[in-house]
Structures are given as C-alpha cells and as structure tokens.
Amino acid sequence: MATESISAFEPWLRAGAFALVFLLVAVWEAMAPRRARRFDRRRRWPHNLALFALDVLIVRLVAPGAAVAVAFVAEERGLGLLNAFDVPPLWAAVAGVVALDLAIYGQHVLFHRVPALWRLHRVHHSDPDFDVTTGSRFHPLEIVLSLGIKCAAVLALGAPPVAVLIFEVVLNAAAMFNHANAGVPVPVDRWLRWFVVTPDMHRVHHSTLARETNSNYGFNLPWWDRLFGTYKDQPAGGHRRMRIGVEGFDSPGEIGLGSLLTQPLRATHTSLDYSRKEHA
Ligand SMILES: [Zn+2]
Ligand SMILES: [Zn+2]
C-alpha cells in the first residue's frame with residue numbers, strides 16, 4: 001500500500017472506528033451496567049473526554065501517524081527483524097500485530113514498576129469509576145512516551161505499515177471494549193478471555209488493592225498475563241463491590257481536567273504506593 005493512500009484515509013479510519021466503538025460501548029453500558037457508578041457520567045465524562053481530545057491534538061501536532069511513518073521508513077530501508085527475512089506479507093502482518101501487543105504489555109508493566117512513570121500512568125488508574133471513557137483517560141506525557149516506545153518497537157521489529165495501523169485502531173477499540181462498565185455473561189467471558197481481554201478481566205487491574213492493580217496488564221491479547229504470571233482471574237471483592245481507583249485521588253476535586261494534568265506532580269497521599277513490587 002502506498003504511503004500517500006494510507007496517510008490519506010488513516011485519520012478518518014481512526015476517527016470513524018473510535019466514534020463507532022465508543023457509541024456501541026456507551027449504549028451497552030447504559031443498557032446493562034455492571035456496577036453502580038460513584039459519580040454521575042455528567043461529572044466525569046467531559047473531563048475524561050477533554051483529556052483525550054488534548055492527547056489527540058498533541059499527537060497530531062507533534063508527530064501525526066508517527067508509528068506508521070516509522071514502519072514505512074523501516075520497510076524502505078530494510079530495517080528491523082521482519083525485514084531481514086523473506087517473510088510472506090500476511091505472516092509479517094500477523095507477527096507484527098502480536099509482537100507489538102507484547103511490547104505494549106511490557107511497556108505497561110514498566111509504567112507500574114518505575115515510580116516516576118507510575119505517577120503518569122496513575123492518571124488512568126485514579127478514575128473513580130470504570131467505563132468507556134476510562135479507556136481514553138491518559139496523561140499527555142504518557143501518550144507521548146508511549147508513542148516513542150511504540151516507534152522504537154516498530155523499528156526493531158520491522159513491522160509492516162498496515163500491521164501498525166491495524167494494531168493502533170484495534171488497540172483503541174479494545175481499550176474502549178475492555179473498560180466497559182458492562183460484562184458478557186460469565187460462561188461466555190470465561191471462554192472469550194482466552195482470545196481477548198474482557199471488561200471483567202481488565203476491571204481487576206483497576207482495583208485499589210495493589211496486588212490486583214499489579215495484574216492483568218494486557219490490553220488486546222490476554223496471553224501475556226498468563227505466560228508471565230501476572231494473570232488474576234477475578235477481584236477478591238467481586239465485580240460489583242470491589243473498590244476502583246487510587247486511594248487519595250478519588251475525591252470529587254480530582255475529577256477536573258486541571259487536576260488530571262497536574263496529578264503526576266502530587267505524591268500519593270496514603271501509605272499505599274502502587275509502584276511497589278509487592279505481589280502478595
Ligand atoms: Zn495500568
Ligand atoms: Zn485500564
């Protein structure tokens with residue numbers, strides 16, 4: 001696929017997929033909420049969505065379509081692992097998507113383990129409710145750092161441009177699906193979570209308990225958590241009664257866009273430090 005044709009429809013593909021999946025998940029949540037909300041949607045959504053809009057704006061200004069562009073450069077110059085071998089295009093695309101997902105898993109673990117990175121990632125976790133907008137609630141600095149890591153991974157892998165675009169669009173859609181304040185029936189969930197991270201699986205990751213926060217890092221594929229021993233089946237308190245968020249950052253005063261942007265500068269108020277390596 002030519003560079004021009006991919007870059008022409010890429011913003012529309014991203015925006016269209018986002019709008020469609022957002023709408024579907026929002027309707028699903030409204031029809032069958034999994035948990036009672038602590039705050040009305042009207043309190044949180046404008047701020048979570050404003051943060052997301054700011055993220056999109058910054059990426060479009062700083063480095064629009066950077067990961068796909070890096071993939072084109074790698075392809076043209078024969079850089080990266082997959083370009084070093086004569087891999088059929090379809091297999092290269094599949095391998096690219098799977099390997100990028102592993103890279104994002106590794107990055108997510110890193111953002112929990114390194115205290116300074118946790119302060120950025122904590123903005124995602126401190127949402128006192130868990131719903132479709134939580135999936136887009138990331139600090140702009142985390143977004144920019146993630147983009148840098150992703151570009152490095154794309155270059156090292158020599159991932160095909162089309163694989164990078166598919167990965168980014170699917171990751172975005174998966175993040176909205178697996179943050180849904182909804183759930184598929186338990187027997188279906190048990191089967192489905194062998195193939196994709198489900199809302200019940202990712203909700204465990206948003207628990208206030210450190211041992212649950214530090215589990216289920218996967219965003220798309222659930223295999224890495226099982227493989228690396230970070231998988232936790234269910235929250236100890238049950239999905240309806242478990243506490244969600246980060247203690248000390250769950251007051252109404254922490255919901256606003258300004259507080260979200262400055263939150264990384266504030267220390268954890270409580271004795272709980274979520275970057276600790278405790279896995280008890
Ligand atoms: Zn996390
Ligand atoms: Zn999350």
Side-chain angles (χ1 to χ4, degrees), residues 18 21-22 25-26 29 34-35 37-38 44-45 47-49 51-52 55 101-143 145-146 149-150 170-183 193 196-222 224-225 228-232 234-235 239 242-250 254-255 260 263-264 268 272-279:
F18 172 81
V21 178
F22 184 93
V25 176
E29 288 181 345
R34 187 85 165 94
R35 292 165 52 87
R37 292 172 188 277
R38 281 177 65 194
R44 290 171 45 254
W45 281 29
H47 301 287
N48 283 2
L49 292 174
L51 184 63
F52 174 64
D55 290 343
D101 197 60
L102 173 60
I104 296 297
Y105 168 89
Q107 179 202 305
H108 192 180
V109 174
L110 195 72
F111 271 77
H112 276 244
R113 299 287 166 88
V114 179
L117 296 179
W118 167 250
R119 284 192 181 214
L120 294 176
H121 185 56
R122 193 179 59 195
V123 172
H124 176 64
H125 279 266
S126 61
D127 198 340
D129 280 314
F130 176 92
D131 67 22
V132 63
T133 64
T134 313
S136 304
R137 176 178 146 142
F138 291 93
H139 194 278
L141 258 178
E142 176 172 1
I143 292 291
L145 283 175
S146 307
I149 294 171
K150 188 163 57 185
V170 170
L171 181 72
N172 203 268
M176 286 186 278
F177 165 72
N178 63 38
H179 285 88
N181 180 29
R193 64 167 69 185
V196 66
V197 175
T198 63
D200 274 12
M201 183 175 161
H202 191 68
R203 194 176 297 105
V204 179
H205 185 72
H206 281 259
S207 162
T208 52
L209 302 173
R211 65 175 183 276
E212 292 180 348
T213 312
N214 294 327
S215 68
N216 296 7
Y217 293 99
F219 270 116
N220 282 318
L221 301 171
W224 318 121
D225 283 300
F228 297 114
T230 52
Y231 176 68
K232 196 163 273 300
Q234 304 293 338
H239 286 282
M242 67 183 283
R243 280 205 62 184
I244 278 178
V246 176
E247 278 180 45
F249 293 97
D250 56 356
E254 295 284 349
I255 291 175
L260 296 179
Q263 199 208 89
T268 307
L272 277 177
D273 175 11
Y274 288 85
S275 66
R276 67 196 171 168
K277 290 160 185 72
E278 183 241 305
H279 284 277

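Note that ligands are numbered from 1 as they come in the structure, with each ligand's atoms numbered from 1 the same way.
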Under 2.8 Å: N/O/S of His206 next to the Zn ion (ligand 2): yes
Angular separation of His112 NE2 and His108 NE2 about the Zn ion (ligand 1), given to 10°: 100°
His124 N/O/S atom closer than 2.8 Å to the Zn ion (ligand 1): no
Sole residue of Arg44, Arg122, Arg243 in salt bridge (charged side-chain N to carboxylate O under 4.0 Å, His left out) with Asp250: Arg243
Do the rings of [X] and [Y] sit parallel, tilted or perpendicular, given the 30° and 60° boundaries?
X	Y	value
His202	His179	perpendicular
His121	His108	perpendicular
His205	His112	tilted

Sidechain N-carboxylate O distance under 4.0 Å for Asp129, Arg35: no
Which atom of His202 approaches the Zn ion (ligand 2) most closely (N/O/S): NE2
Shortest-distance N/O/S atom, His179 versus the Zn ion (ligand 2): NE2
Atom of His121 closest to the Zn ion (ligand 1), considering N, O or S atoms: NE2
For the Zn ion (ligand 1): the N/O/S atom of His205 at shortest distance: NE2
Heavy-atom pair with the smallest gap, counting every atom of Thr134 and His206: CG2-CE1, 3.8 Å
